Amino acid sequence: MSIASICDGVEERIASEVADKLTDWQTSGFLPDMAIESGDKTDEPRRTRGWTHWHHLFNPRQLQMFAYLMEECAKVQDERIRAALTFIVGKALNRGSRLCQWQPHRAIAGHVFYNQALNTFYNYGCRAFSYFDNIFGEDFSGRYSKRGSAIIKAQPASQIKDPADIFITDPPYADAVNYHEITEFFIAWFRKNPPEPFRSWTWDSRRPLAIKGDGEDFRDGMVAAYKAMADHMPDNGLQIVMFTHQDAGVWADMAQIFWGAGLRVMAAWYIATETTSELKKGGYVQGTVVLVLRKRIEAERGYKDEIVQEVKAEVAHQIDTMVGLNQTLRGHGRVENLFEDADLQMAGYAAALRVLTRYAVIDGVDMTK
């Protein structure tokens, strides 16, 4: 008997077992039973493969493996340990579905959310259980220890009630990542049988509450969110905003949002965050702008003609600084640029915001309104 025929027989037995136990596993919450709701990203598997339910994104071997894992996790008495195991299983799900790209140079499966979408493949990578050793065998001792206390609340930013000195946000913008859709990939698995720390969570993506990435509704929602945070921080408080986009219109929206929320950009730090490759050269950004915001305490007034000159000078200084860094690193043997043209463009927009949001009134117009 050939190895191929033996493997075929094993896979047939697995498929048969999954078919027999699927309903029971779904009823117990060990496998998802949710339908895939239509959306910008969730339409992809429905349209290209005809997958209508979340368990369709997994082959029989994957369903069997994760069903047994979920069943064993449910037996753990210590809810804290079970909660930690839930995160580990979630990490494994990201690397154990039909949406994992095949990486031939490593002869291994990739992961689902490498580009925050639900991409389908003609030939996908599939890991056997032994190839999850880097996930299930990970040593957490001493790596993530943190002393102190914390309060975690899942709620819209516009409904913040608790004061804080610092708010850190990574907002949606323009062609925003549809987190409210793609998180259903995990919600479908954990919603029926979550561990104790997560049972009070709302196990629904709450799509209608998502701030979409364009239009007047986007700006209104963002202003409400940032104003609520500004209202609940002291005058010397800070807001840190991580932002990445090349579209001038999106940066114009951000200026309106900060004006409307009563905030001003005090500093903009450009951080190189992306790994470089031949595919990312040219028009791709290599980093993220980290904006530092404070309340606009003084109602500073200005005139357009003067402000335009200020903006030009600030942008020129920003570009000169980054180009100088490129040249310095080349002098130390670096071949590629640290910052590409797209990075310089984005940093220039951030520099313009530093000037513009300082003013509450421009040419007699109240910019907050």
Side-chain angles (χ1 to χ4, degrees), residues 157-158 160 166-176 211-270 285 288-323 341-369:
S158 58
I160 287 174
I166 301 175
F167 289 95
I168 302 174
T169 56
D170 186 358
Y173 39 82
D175 50 351
I211 298 177
K212 302 301 191 297
D214 53 37
E216 195 63 33
D217 289 342
F218 165 70
R219 288 189 289 271
D220 289 346
M222 290 282 278
V223 168
Y226 280 100
K227 188 175 188 309
M229 289 184 279
D231 289 343
H232 288 85
M233 72 182 195
D235 289 347
N236 63 345
L238 293 174
Q239 289 198 35
I240 309 299
V241 180
M242 291 169 280
F243 200 73
T244 304
H245 209 279
Q246 296 173 246
D247 190 329
V250 177
W251 283 92
D253 281 346
M254 291 306 292
Q256 293 183 16
I257 289 162
F258 295 152
W259 267 322
L263 296 165
R264 60 175 292 193
V265 178
M266 301 296 297
W269 303 91
Y270 196 90
V285 296
T288 295
V289 176
V290 179
L291 302 170
V292 181
L293 312 181
R294 288 190 184 273
K295 288 184 178 181
R296 193 187 310 105
I297 304 299
E298 298 178 359
E300 193 166 342
R301 296 171 174 267
Y303 295 94
K304 182 178 177 180
D305 292 343
E306 297 173 354
I307 293 173
V308 166
Q309 299 306 315
E310 284 188 65
V311 168
K312 287 182 178 180
E314 188 73 14
V315 170
H317 175 71
Q318 180 71 61
I319 301 303
D320 288 346
T321 300
M322 295 174 70
V323 170
D341 290 347
D343 301 294
L344 300 177
Q345 179 184 5
M346 192 164 65
Y349 294 144
L353 282 190
R354 284 201 299 268
V355 175
L356 292 173
T357 58
R358 190 172 80 237
Y359 293 95
V361 178
I362 297 178
D363 284 351
V365 178
D366 185 345
M367 302 307 296
T368 301
K369 297 179 180 179

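A quick note: this is a predicted structure, and the numbers were derived from the prediction, not measured. Numbers for residues simply follow the sequence, beginning at 1.
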side-chain hydrogen bond (donor to acceptor under 3.5 Å, both in side chains) partners for S158, two or more places apart: none
R354: partners by side-chain hydrogen bond (donor to acceptor under 3.5 Å, both in side chains), with sequence neighbours left out: E314, Q318
Taking all atoms of both residues into account, what is the closest heavy-atom pair of [X] and [Y], and its distance?
{"X": "A255", "Y": "L353", "result": "CB-CD2, 3.4 Å"}
{"X": "L291", "Y": "A350", "result": "CD2-CB, 4.1 Å"}
{"X": "A225", "Y": "A157", "result": "CB-CB, 3.8 Å"}
{"X": "V355", "Y": "Y359", "result": "O-CD1, 3.4 Å"}
{"X": "A352", "Y": "V315", "result": "N-CG2, 4.1 Å"}
{"X": "K227", "Y": "G260", "result": "CD-O, 4.3 Å"}

Residues in side chain to side chain contact (heavy atoms under 4.5 Å, CB included) contact with [X], at least two apart in sequence or another chain:
{"X": "V365", "answer": "M367"}
{"X": "D363", "answer": "Y303, K304"}
{"X": "I240", "answer": "I166, I168, V290, V292"}
{"X": "V223", "answer": "I257"}

Using the test salt bridge (Lys or Arg N to Asp or Glu O under 4.0 Å), find all partners of [X] that sit at least two apart in sequence or belong to another chain.
{"X": "R358", "value": "E300, E310"}
{"X": "D305", "value": "none"}
{"X": "D220", "value": "none"}

Whether R301 side chain and G364 backbone form a donor-acceptor pair below 3.5 Å: no
Donor-acceptor contact below 3.5 Å, side chain R294 vs main chain L238: no
Working for side chain to side chain contact (heavy atoms under 4.5 Å, CB included), residues Y226 and V241: CA-CA 10 Å; Y226 280 100; V241 180; 3.8 Å; yes
Side chain to side chain, M266 and L293, heavy atoms closer than 4.5 Å: no
Any side-chain heavy-atom pair of M229 and T169 under 4.5 Å: yes
Residue pairs fulfilling salt bridge (charged side-chain N to carboxylate O under 4.0 Å, His left out) with at least one residue in residues 254-267, sequence neighbours excluded: none
Whether over 12 other heavy atoms sit under 6.0 Å from K295 NZ: yes
